[in-house]
Structures are given as structure tokens and as C-alpha cells.
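Order of the sequence lines sets the chain letters (A, B, ...), proteins ahead of strands, with each chain counted from 1.
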Amino acid sequence: MDYNHREIEPKWREQWASSGLYKVTNDVSKPKYYVLDMFPYPSGAGLHVGHPLGYIASDIVARYKTQKGFNVLHPMGYDAFGLPAEQYAISTGVHPAVSTNENIQRYRSQLDNLGFNYDWSREVRTCDPSYYKWTQWIFIQLFEHYYDTEFDKAVLVEALIEKFNAEGNVNIQAVTSQTEFFTADQWHEKDEVEKAEILMNYRLAYRKIGYVNWCEALGTVLANDEVKDGVSERGGHPVERRPMMQWSLRITAYAERLLSNLDTLDWPDALKAMQQNWIGRSEGAQMFFDIDGHDIQLEIFTTRPDTIFGATYMVIAPEHDLVELLTTPGQKTEIEACITYVKNKSERERMAEVKEMNGAFTGAYAINPFNQERIPIWIGDYVLKDYGTGAIMAVPSDDERDMNFAKKYQLPIIDVVDKSKYPGATLHDKLGIIINSDFLNGMEVPEAIQLMFEKIEAMGIGKKRVNYKLRDANFSRQRYWGEPFPIKYDEKGIPSALGLDELPLELPDLDDFKPTADGKSPLSRLTSWVSDGTFERETDTMPGFAGSSWYFLRYMDAGNEEEFASAQAVDYWKEVDFYIGGAEHAVGHLMYSRFWHKFLYDKGLVPTEEPFKKLVNQGMIQGVIESIYLLKSGEANQHHFYSEELTESMPEAEFAKIPVHVDYVAKYGSPDSHLNPQGIASFCEWRPEYKDAIFHGSAGSGTVAQLPQDFKLMTKSEVGKMSKRYFNVVNPDDMVDRYGADCFRMYEMFLGPIEQSKPWDTKGIDGVSKFIRKFWNLIHFEGVLKISDEKPTAEEYKILHTAIKKVSDDIERFSLNTTISNFMVCVNELKRINCNKREIIHELVKLMAPFAPFITEELHARLGGEGSVHKTQYPVVNEAYLVEDSVVYPVCINGKKRDELTVPNGMPPAEVEKLVLGMDGLEKWLDKPIKKVIVVPGRMINIVV
RNA sequence: GCCGAAGUGGUGGAAUUGGUAGACACGCUGGACUCAAAAUCCAGUGCCUUCAAAAGCGUGCGGGUUCGAUUCCCGCCUUCGGUACCA
């Protein structure tokens with residue numbers, strides 16, 4: 001019989017499940033290997049062909065490592081809290097728990113279809129109380145610790161209180177937002193509320209004012225994703241940034257370790273660079289400027305203290321605490337107008353803008369401590385409150401944005417750095433000779449910076465300091481579908497953590513998921529849950545990254561009810577050896593997980609400082625978006641569609657692009673893609689609002705009922721996201737049904753390098769399908785198994801061992817697309833010589849088992865193998881079979897290949913050179929004198945003329 | 001704007017350390033088999049000039065280093081990801 005995946009795949013799927021083949025024990029006698037996928041958010045759309053790309057790759061690695069003798073942990077779970085389920089609930093009334101559960105069921109069946117070797121007994125769901133009990137528990141630990149810079153680790157807040165009692169905070173070395181010092185006596189005099197506020201400034205989980213996107217019209221806080229061009233995506237309503245008291249995590253305490261430990265990781269350099277830039281360490285000076293007529297000082301941070309004589313104005317963020325105080329009555333209107341304007345801009349817009357900045361003068365002046373000059377203090381949208389100190393000294397001559405701001409508001413510009421000695425240097429390079437700067441004149445910039453550090457410290461107006469761009473993470477969401485905070489507030493508003501016996505604090509049931517009128521979380525509607533008269537619960541919930549920051553630890557001991565994971569389990573599995581997931585998580589998720597892990601490490605709860613030893617980012621599989629052009633300025637009820645070629649001469653803005661279901665498009669994805677009359681008919685049936693539309697093409701115009709002969713409406717094809725909204729989703733289930741999971745898996749790998757994004761093209765899968773049948777037919781003739789037990793020839797061994805070598809090398813360097821090519825080459829070669837030798841084929845079956853688990857299991861059984869092929873030892877190359885007795889050299893003249901030369905293996909270069917010069921047929925290129933002959937042993941020959 | 005990545009035939013891609021550009025597939029063309037089609041098999045297929053032989057050009061664009069550059073360096077262009085509340 002011919003290979004039939006519909007029979008064979010379900011058979012083994014059931015067999016594996018019933019025998020528990022993929023169950024993993026914490027068997028300490030074997031070396032461990034932990035392979036992890038970034039767990040998915042179970043969206044309502046189900047998996048599309050892009051999702052499994054990384055899962056297939058990790059499955060191959062997991063199976064390969066198993067065959068190499070490791071005890072492999074390869075788990076899967078769901079990142080199940082999130083915004084989409086909540087939005088779905090608001091629009092349909094379906095409870096997020098219900099829709100999430102349905103989505104998970106669907107994901108599970110889709111995943112099962114693909115033959116992964118996950119140990120499902122270890123599944124985690126972030127929305128499950130038995131899981132988020134420990135998310136809450138970790139949050140409480142963060143709440144109860146502060147970061148001590150003397151020991152360089154997290155320490156209990158209780159220990160801090162003891163120190164406060166004994167000696168105040170003068171000797172405390174900590175990462176803190178506390179700026180005022182106090183003695184033990186002063187500490188004792190403070191009341192409970194004041195003490196709680198001071199402790200907040202030290203805690204790793206703490207409360208502070210954060211800003212949210214508030215949309216008055218929708219009465220809700222919007223995610224950045226829901227804001228487009230400064231207005232809400234739904235409805236186009238104005239959005240403003242509104243302050244709110246929220247929980248934050250003090251990730252900045254770990255900035256230095258997050259940065260320096262990057263060196264220990266086997267991650268792509270590009271990714272490390274992104275994290276480095278995100279942390280953004282810079283050395284500079286913290287400086288305090290006196291303010292004319294005020295008792296207070298303005299704190300700024302600058303990396304360029306050497307340019308202080310060029311500081312012609314100061315800029316503070318419009319949200320800065322001092323704005324109100326500094327604004328003079330005369331400037332009030334202007335400042336308020338500016339603040340209102342800035343409120344309506346997102347942070348992203350404010351950072352992106354380098355040309356058109358906005359600001360206003362407060363009316364106040366800072367004093368330059370070096371020449372006592374008055375420097376006007378402005379507010380400006382390009383300074384962000386949470387960056388550094390939220391205040392800068394502006395040096396327009398040496399900073400592009402300061403320069404543009406100064407030009408716009410006609411502020412003076414003083415050149416302080418002469419860069420003429422360094423012609424290639426840009427403004428960002430710290431190079432040049434200082435001018436117009438009193439005692440700094442004539443110094444080189446780096447030298448001047450050093451001198452300024454010393455001066456500033458000597459004068460007591462500031463300190464050399466390290467600053468990070470990294471900001472503390474906002475940890476509050478005004479939403480329902482997330483982990484409730486295990487926090488309650490007493491009648492004075494002082495927060496305290498719940499005890500372990502009160503966990504999990506379960507998310508209460510609710511039937512109205514809309515936020516309240518004043519923008520509070522939906523949970524605040526449940527007054528009976530919120531308050532019992534003596535205390536009030538926190539009603540915000542945690543963000544998506546809470547549950548995903550530690551899930552990889554839970555897999556190690558998923559059912560544990562006493563701890564997040566037992567010490568034995570954590571000591572055995574330690575860290576993730578191989579982590580694969582999307583590049584879109586390069587900073588967010590990976591940074592937060594590293595932070596939490598380091599915190600747990602400080603507490604002695606995990607044995608490694610880093611959670612993910614090796615990491616690979618997989619690319620996205622994109623779809624082709626097909627759309628047709630709709631004329632915008634038609635009469636209200638008469639639609640006109642234009643063929644793509646007709647739109648080229650008209651302004652693009654006149655057309656709206658209407659996505660078309662790709663099933664209707666002929667020559668889908670090619671430049672010739674179009675709707676034929678049949679496609680147009682399908683389109684009109686699918687979108688009845690266009691059933692009377694007129695279609696214009698090169699062959700004429702007409703409605704769907706009366707189209708000209710050979711009518712074609714050319715469509716626009718663009719590579720983009722595979723998504724429901726573009727009607728271009730390809731479901732892996734369909735592929736598995738038609739071609740089988742083995743074929744689908746191999747095709748996904750064959751598409752290209754795992755790290756690269758590439759468009760999906762169903763057509764190409766035929767090639768892999770043919771290959772699988774060819775492979776099967778090596779030992780099946782007219783449907784009957786036929787195997788030879790003869791001893792293989794040297795040629796057969798060579799074909800097999802070439803494949804073993806190449807495939808093993810490729811897996812080790814994670815080049816999975818080329819492994820598939822190598823299997824194809826191997827099978828093509830074996831087919832060419834009609835090899836059906838048991839010894840060869842059985843080894844090949846084991847070699848291919850990680851890639852195509854079903855067909856190899858079947859063949860293993862048919863070849864009389866014991867047990868499962870997935871527990872066999874992976875083939876090892878024997879180099880003896882690969883030795884060549886001759887070498888073919890390409891013969892190049894001036895780097896261009898002109899001929900070949902075959903010589904015995906190991907011939908010395910000098911002799912090869914002699915042979916080459918004696919070759920016939922090279923004369924016509926050798927009419928000029930030969931300058932040099934280069935022989936690279938085993939590689940090539942180049943003659944230079 | 002900033003940070004990161006990618007760009008090679010009609011298409012997906014290969015070339016592992018600077019050494020034969022286009023492996024392996026898809027598609028296309030021709031042929032075999034067939035009443036016919038599908039499936040399968042065989043041959044060809046970077047572009048251009050050409051009956052052919054043969055030559056020239058060719059890895060986003062413009063420069064550079066080198067005997068030799070898809071690979072290294074400098075400057076651009078385009079697309080994609082992230083940009084702190086999508087996941």
C-alpha cells in the first residue's frame with residue numbers, strides 16, 4: 001500500500017498517549033535538558049500556520065536530545081489572562097473564563113494534531129488559581145523586599161525597619177525613591193501613614209503615580225495598542241494621559257545585573273544589543289541647581305557636564321512636580337495651554353519627534369553654579385518625567401533636539417565644543433575642544449568631563465552617577481481579566497499583603513466587564529468583595545507579564561500545592577537550556593523574566609541567576625493580503641471598484657483598500673493576482689453590501705451580473721500579518737488533514753531559516769509530500785514491504801553517513817531548513833541506486849525521527865525495531881566512510897571559474913600548481929603574463945594575470 | 001525619531017571560517033505513460049546577446065579593501081519587529 005498518513009498518524013498518536021511515552025519524571029540519574037517554547041495566548045482565532053513554527057523546531061530539538069540520552073523537559077501551557085478575552089466579554093457578554101477555556105480546548109486539539117512530545121501532565125494556565133496563587137505570592141515577596149546596594153541583593157523590609165528604628169536611613173544603601181534623610185528619633189516621631197509612605201519608597205513592589213491613556217468618550221483606559229494617531233482606534237475619540245496611583249515594580253534596582261549578566265548568555269548578539277540599549281546605562285553627573293527666588297533646588301542628570309557653559313535654558317517635563325511651584329502668574333496661561341497640549345500626545349510621539357518640539361517658559365530661573373548666570377526654566381514635551389530626573393540642562397549647540405527647541409523659541413545658542421579637529425564626528429560623539437567655557441577652554445571633551453565630575457563633587461552641587469534609561473515597570477491595570485493583587489488597605493489607606501493562608505485570592509465572578517464611570521477597574525463594582533468595613537481590597541489587576549515572568553519554573557513541579565516548585569525539582573532542572581520564541585518579546589517578557597528570576601535567586605529559591613541559557617528567536621510566518629481598490633468619492637449607495645492597473649495614474653488617497661478573502665483570488669500572491677468573474681461573484685455574495693458595485697477593469701466595466709468578456713479585476717498583493725481581519729489565515733488542521741503532520745512539520749522547517757520571517761505558500765508543500773512518499777517507497781514496492789538484509793556497499797554507507805554528518809551538524813547549529821534538504825539529497829541518492837538495505841534504511845529512520853515522528857515510528861516497527869523509535873540512540877557519524885580519494889579543484893582566472901581539475905587527495909599545493917599550468921584549454925584567458933598562482937588546499941585554485 | 005533585523009532567479013531559499021553564486025524545492029517549458037485527465041517518471045530552466053558555439057552581466061543601491069566579497073568596511077534605500085497597557 002501507499003503511505004497513508006490518515007491511518008498511521010492517529011494510530012501512533014493514540015499509542016503514544018496510552019503508553020505515556022512523553023511523560024517526564026524528575027529522574028536525577030540522567031543529565032537533564034530543558035527545552036521551552038514561549039507559551040501562547042489562546043486567541044479566539046485558533047492557531048494559524050505561523051504559530052507552530054517555533055513549536056516544531058523545539059520539538060525536533062527535544063526529540064533529538066532525548067535520542068542523545070538526555071532526560072528532556074518539554075512542556076506547554078497557556079498565557080491565558082489578557083485583554084482580548086475581556087474585550088470579547090464586553091461585546092458579547094461571554095465570561096472571559098468561558099471563552100478562554102474554549103480557546104484553550106481548540107489550541108490543545110490543534111497542538112495534538114501536530115505530534116508534539118509535550119508532557120501535558122505539567123501544563124500551566126496563568127488564569128488558574130492554583131497557578132496564580134504563586135504569582136500573587138511572588139508579588140508579595142517583592143512587596144516585602146527592598147534592594148540593598150551594599151549586599152547587592154534583595155533584603156527583607158523588616159530588616160530595613162529595624163535599621164530605621166536603630167539609626168534612621170542615613171546609612172542605608174538602597175535603590176529607593178526616598179530623597180529625604182531622617183534619624184532614628186525622627187523615624188519614631190512619624191505616624192503610621194508617614195512610615196508606610198517612606199517604606200513604599202524602598203519596596204520592590206511599590207505604589208506611585210503613573211500615567212494612563214484615558215479616553216473620556218469611551219469612559220475607559222486604553223492600551224497603547226488601542227490608540228492610533230492620538231485618538232482611540234475605536235471611534236476616533238480624543239485620548240489624554242491621566243495620572244493615577246498605581247503599582248510599580250522596581251526593576252531599575254536590577255539594572256546593573258541585568259546588563260552585566262548578558263555576557264553569560266548564549267543569546268543572539270542582536271538581542272543582547274537590544275536589551276543593552278533598553279537598559280541604556282550612561283555615566284554622567286547628577287547636579288542640583290539653585291532656583292532664583294526659591295528655597296528648593298532643581299535636580300538634573302547630564303552626561304555632558306562639560307557643556308554647562310552652553311546651557312542656555314533648562315527643560316523640565318510638563319508633569320514635573322515643580323511645574324506648579326515655579327510657574328509665575330504671568331506665565332500661567334501659557335504653561336497650562338502647553339500642559340493641555342502635551343496631555344494629548346503619547347509618550348511615543350513625544351520621543352519620536354525631533355524637529356517640532358513644544359514648550360513654554362515657566363517664568364523661573366535656575367542659577368548656573370559656575371558663572372552665576374540666570375538660566376530660564378522651560379517645560380518641554382521632549383523631556384519625559386520618568387527618564388532620569390525628568391529635567392535637563394539644554395545645550396542647544398551640542399544636542400539636536402535642544403537646538404531645534406532653541407531655534408523655535410529663539411533661545412540663545414552658545415558654541416562650546418569645537419569639532420573642527422574631528423571632521424567625521426557627529427553631535428553624539430564625545431569629541432572636540434572646549435571653547436567659550438572659562439576654565440574648561442582648550443581641553444578635550446573627555447578630559448573636561450572628568451574635571452567637571454571632580455568640580456561638581458568638590459563644590460557639593462552634585463555627584464558622578466550612573467543613570468539608566470530603563471524605567472520601573474507599571475504593574476497595575478484597570479481591568480478584570482488578570483491576577484487580583486493580594487493586597488488590602490486599612491482605614492488609613494495603608495496597604496498590607498495577604499498571608500499565604502489567604503492565597504490564592506481568587507478573581508471573583510462578575511457579569512459586567514466594563515470599567516466604572518471614573519475609570520476604575522470593573523472589580524470595584526463588587527463592593528461586597530472590595531470592602532468588609534475594616535479594609536478595602538485593591539481593585540486593579542496585574543498585567544500580562546505577571547504570569548509569564550515565572551511560568552517556566554512552574555513546569556518543573558506543576559502540581560505542587562505547598563510551594564511554587566519544590567527545591568529538588570528546581571535544583572534538578574535549574575534553568576531553561578533552550579528557549580525559542582518570537583522576536584517581539586525581545587525586551588518586554590525576557591527582561592521581566594530575568595528580573596523576577598534574579599529576585600528569586602537573591603532569595604535562594606532558584607539556583608541560577610539567569611533563567612534562559614540559550615535563546616533563539618523565530619521569525620513570523622506572514623500571509624499575503626489581497627485587496628481591491630474602492631473609490632472613496634462615489635455616490636453614497638453606488639460603489640466603484642477599480643482594477644489595480646487603473647489606479648496607478650490616480651492619487652492613492654482616492655481609494656480605500658478592501659481586503660478580499662484569499663480563496664476568491666486567482667493567481668493568489670503573484671503579481672497577476674486577480675478576481676475573475678467567478679471570484680467577483682463569490683466576493684459579492686460574501687459582502688452583500690457591494691452586490692450592486694460597478695467593477696472597472698482594462699476589459700471594460702460592469703456589475704457582477706453583467707461583466708465584460710474575460711474580465712479581470714487585478715488585486716493588490718502585499719506580504720503582511722496572517723490574521724482574521726485580512727481573511728488570509730491558513731489553518732494547520734487543514735494542512736495536517738491533507739498532507740499529514742510529518743509533512744507539515746518538515747515543510748515548515750523547509751521554508752527557511754527559523755529566525756527569518758517569510759510568507760506562507762501552500763503550493764510548496766507538494767515537494768515535501770513527494771519526498772515523504774519517495775522515502776516510504778524505498779522499502780515499499782507496489783505497496784508491499786521489501787527489505788534487503790545484504791551488507792551495504794561503500795557507496796551506500798557513504799550516502800548514509802554524509803547525511804548523518806550534515807544533519808547532526810545542522811541540528812547543532814539550529815539550521816533546520818538545510819536538514820530537510822539533506823534528507824532529500826540522501827533519499828534521492830538512495831533511490832538512484834535503488835537501495836533497500838535494512839541497515840541503511842533503519843539508521844536513516846532514526847536520523848529522521850525527530851523531524852517526522854509518525855512515519856519513522858511506523859517504519860521502525862515495520863523494520864522490526866524494539867520499542868519506540870523515539871527512545872533509540874541517535875545515529876553517530878563514522879568519518880571512515882566519508883574519505884574521498886580525489887579532490888575536484890575549481891580553476892579560476894582572476895577569481896572567475898573557468899575550468900576544473902581533479903587531483904588525488906592530499907596532493908601538495910606546489911604540485912597542483914604545476915599541473916594547473918600544464919592544463920589545456922586555459923590559453924585564451926592566459927594571454928597576459930601570469931602574476932601569481934594561488935592554491936588553497938582542498939578548496940580552489942586562482943590564477944592572477 | 002531611536003533600537004534591532006532582513007534584502008540573492010518567476011517563488012521559498014543554499015553557499016558553516018573571505019574561496020566554484022543559485023544546493024534542495026516550488027513554478028514554468030518540453031517529453032514519456034494515458035482515449036483523456038490526474039498522478040508518476042525523464043529532460044530543461046539566473047538574465048542578456050545568439051541557430052549554435054561562445055561572450056557579457058549578475059546577490060537592494062553607490063563607493064572601498066582584497067588575487068578573490070552574498071560574506072569585511074563606509075554611505076544610502078526599502079521592508080519587517082520593538083519603542084514600556086496587544087500578546
message: I need a per-nucleotide contact map over nucleotides 72-80 of chain B, read 5' to 3'. Cutoff is protein heavy atoms under 4.0 Å; write B for the base, S for backbone only, - otherwise.
response: ---------

- line: Regarding the side chain of W278(A), the nearest nucleotide among A15(B), A87(B), A84(B) is A84(B)

- prompt: Run the ring-ring contact (aromatic ring centres under 6.0 Å, His included) check on W760(A) and Y747(A) step by step: do they pass?
  reply: CA-CA 10 Å; W760(A) 175 263; Y747(A) 181 55; 5.4 Å; yes

query: Taking the nucleotide of RNA chain B with the closest heavy atom to each, which residue, Y387(A) or V888(A), is nearer the 5' end?
result: V888(A)

- request: Remember a base hit wins even if backbone is also touched, and classify R479(A) as base, sugar-phosphate or nothing at under 4.0 Å, heavy atoms.
  value: base

- request: Answer yes or no: are there more than 12 heavy-atom neighbours, outside K514(A) itself, under 6.0 Å from its atom NZ?
  value: no

query: Which residue pairs pass the salt bridge (Lys or Arg N to Asp or Glu O under 4.0 Å) test with at least one member in residues 754-766 of chain A, sequence neighbours excluded?
result: none

message: Quick test of your reading of the model: are R832(A) and E829(A) salt-bridged, counting only N-O distances below 4.0 Å?
response: yes

- prompt: For Y88(A), does the OH atom sit with more than 12 other heavy atoms under 6.0 Å from it, leaving out its own atoms?
  reply: no

field: Side-chain-base donor-acceptor pair under 3.5 Å for Q246(A) and C85(B)
entry: yes

- prompt: Between G19(B), A84(B), C3(B), which nucleotide has the shortest distance from any of its atoms to the side chain of N277(A)?
  reply: C3(B)

- request: Considering just the side-chain nitrogens and oxygens of R471(A), establish if one lies under 4.0 Å of OP1 or OP2 belonging to A84(B).
  value: no

statement: Among the nucleotides G12(B), A84(B), A14(B), whichever has the atom closest to the side chain of P753(A) is A14(B)

field: Exceeds 12 heavy-atom contacts within 6.0 angstrom, atom NZ of K520(A)
entry: no

query: Across the strands shown, which category fits L751(A) at heavy-atom distances under 4.0 angstrom: base, sugar-phosphate, nothing?
result: sugar-phosphate

query: With distance as the sole criterion, do the side chain of N224(A) and the base of C85(B) form a donor-acceptor contact below 3.5 Å?
result: no

message: Side chain of N942(A), heavy atoms from C-beta onward: which of G4(B), G68(B), A84(B) has the nearest atom to it?
response: G68(B)

message: Can a side-chain donor-acceptor contact be found between E538(A) and W247(A) if the only test is distance below 3.5 angstrom?
response: yes

task: Please list all pairs passing the side chain to side chain donor-acceptor pair (under 3.5 Å) test where one or both residues lie in residues 804-814 of chain A, with sequence neighbours left out.
output: Y64(A)-E812(A), K805(A)-E879(A), D810(A)-R813(A), D810(A)-T818(A), D810(A)-N822(A)

Rounded distance in Å between the P positions of G7(B) and C61(B): 13 Å

query: Touch check for E584(A), heavy atoms < 4.0 angstrom, all strands: base, sugar-phosphate only, or nothing?
result: base

- prompt: What does A586(A) touch in the nucleic acid at a heavy-atom separation under 4.0 angstrom: a base, only the sugar-phosphate, or nothing?
  reply: nothing

task: Identify whether any heavy atom of S43(A) sits under 4.0 Å from a base atom; if not, whether one sits that close to sugar-phosphate; answer base, sugar-phosphate or nothing.
output: nothing

query: Of the non-hydrogen atoms in V587(A) and M274(A), which two are nearest, and what is the gap between them?
result: CG1-O, 3.9 Å

field: P gap between C33(B) and C26(B), integer Å
entry: 23 Å

task: Say whether, by atom type as modelled, one donor and one acceptor occur between the side chain of S521(A) and the main chain of T539(A) under 3.5 angstrom.
output: yes

- request: Enter syn or anti for the glycosidic conformation of G9(B), syn applying to angles within 90° of 0.
  value: syn

task: Consider the side chain of A223(A), meaning its heavy atoms from C-beta on, and name the nucleotide among G1(B), C85(B), U20(B) that approaches it most closely.
output: C85(B)

- prompt: Say you pick atom P in G58(B) and the same atom in C48(B); how far apart are they, in whole Å?
  reply: 15 Å

field: Selected nucleotide, minimal atom distance to M274(A) side chain, candidates U40(B), A84(B), G81(B)
entry: G81(B)

- prompt: Looking at R939(A), does any N or O in its side chain come under 4.0 Å of the phosphate oxygens OP1/OP2 on U20(B)?
  reply: no

query: Between D472(A) and Y206(A), do the side chains contain an N or O donor and an N or O acceptor separated by less than 3.5 Å?
result: yes

- prompt: Which nucleotide in the list G13(B), C85(B), A39(B) gets nearest to the side chain of R773(A)?
  reply: A39(B)

field: Span that lies between the C1' atom of G64(B) and that of U16(B), in whole angstrom
entry: 27 Å

- prompt: To the side chain of V221(A), which of U20(B), C85(B), A14(B) is closest?
  reply: C85(B)

task: Sticking with atom P, work out how far G82(B) lies from C86(B), rounded to a whole angstrom.
output: 10 Å

- line: Of the listed G13(B), C85(B), U20(B), the closest approach to the K758(A) side chain comes from G13(B)

message: Mind checking if G588(A) touches a base, just sugar-phosphate, or nothing, with heavy atoms under 4.0 Å?
response: nothing

- prompt: Taking the six-membered ring of Y211(A), is the NZ or CZ of R241(A) close enough (under 6.0 Å from the centre) and on axis enough (within 45°)?
  reply: yes

- request: Quick one: label Q478(A) by what it contacts on the DNA or RNA (base, sugar-phosphate, nothing), any heavy atom closer than 4.0 Å.
  value: base

field: Distance between P atoms of C76(B) and G22(B) (Å, rounded)
entry: 33 Å

task: Among the candidates A84(B), G12(B), C85(B), find the nucleotide nearest to the side-chain atoms of N474(A).
output: C85(B)

query: Within 45 degrees of the axis of the six-membered ring of W278(A) and under 6.0 Å from its centre: does R594(A) put its NZ or CZ there?
result: no

message: Pick the closest RNA chain B nucleotide for D809(A) and for E755(A) by heavy atoms, then say which residue is nearer the 5' end.
response: E755(A)

task: Determine which bases of RNA chain B form Watson-Crick or G-U wobble pairs with both distances under 3.5 Å, and write the result as a 5' to 3' dot-bracket string with | for other-strand partners.
output: (((((((..(((......[....)))((((((.......))))))((.(....).))..(((((..]....))))))))))))....

Results of salt bridge (Lys or Arg N to Asp or Glu O under 4.0 Å) for E233(A) - residues two or more places apart only: K228(A)

field: Protein proximity profile, nucleotides 21-27 of chain B - base contact B, sugar-phosphate-only contact S, no contact -, cut-off 4.0 Å on heavy atoms
entry: --BBSS-

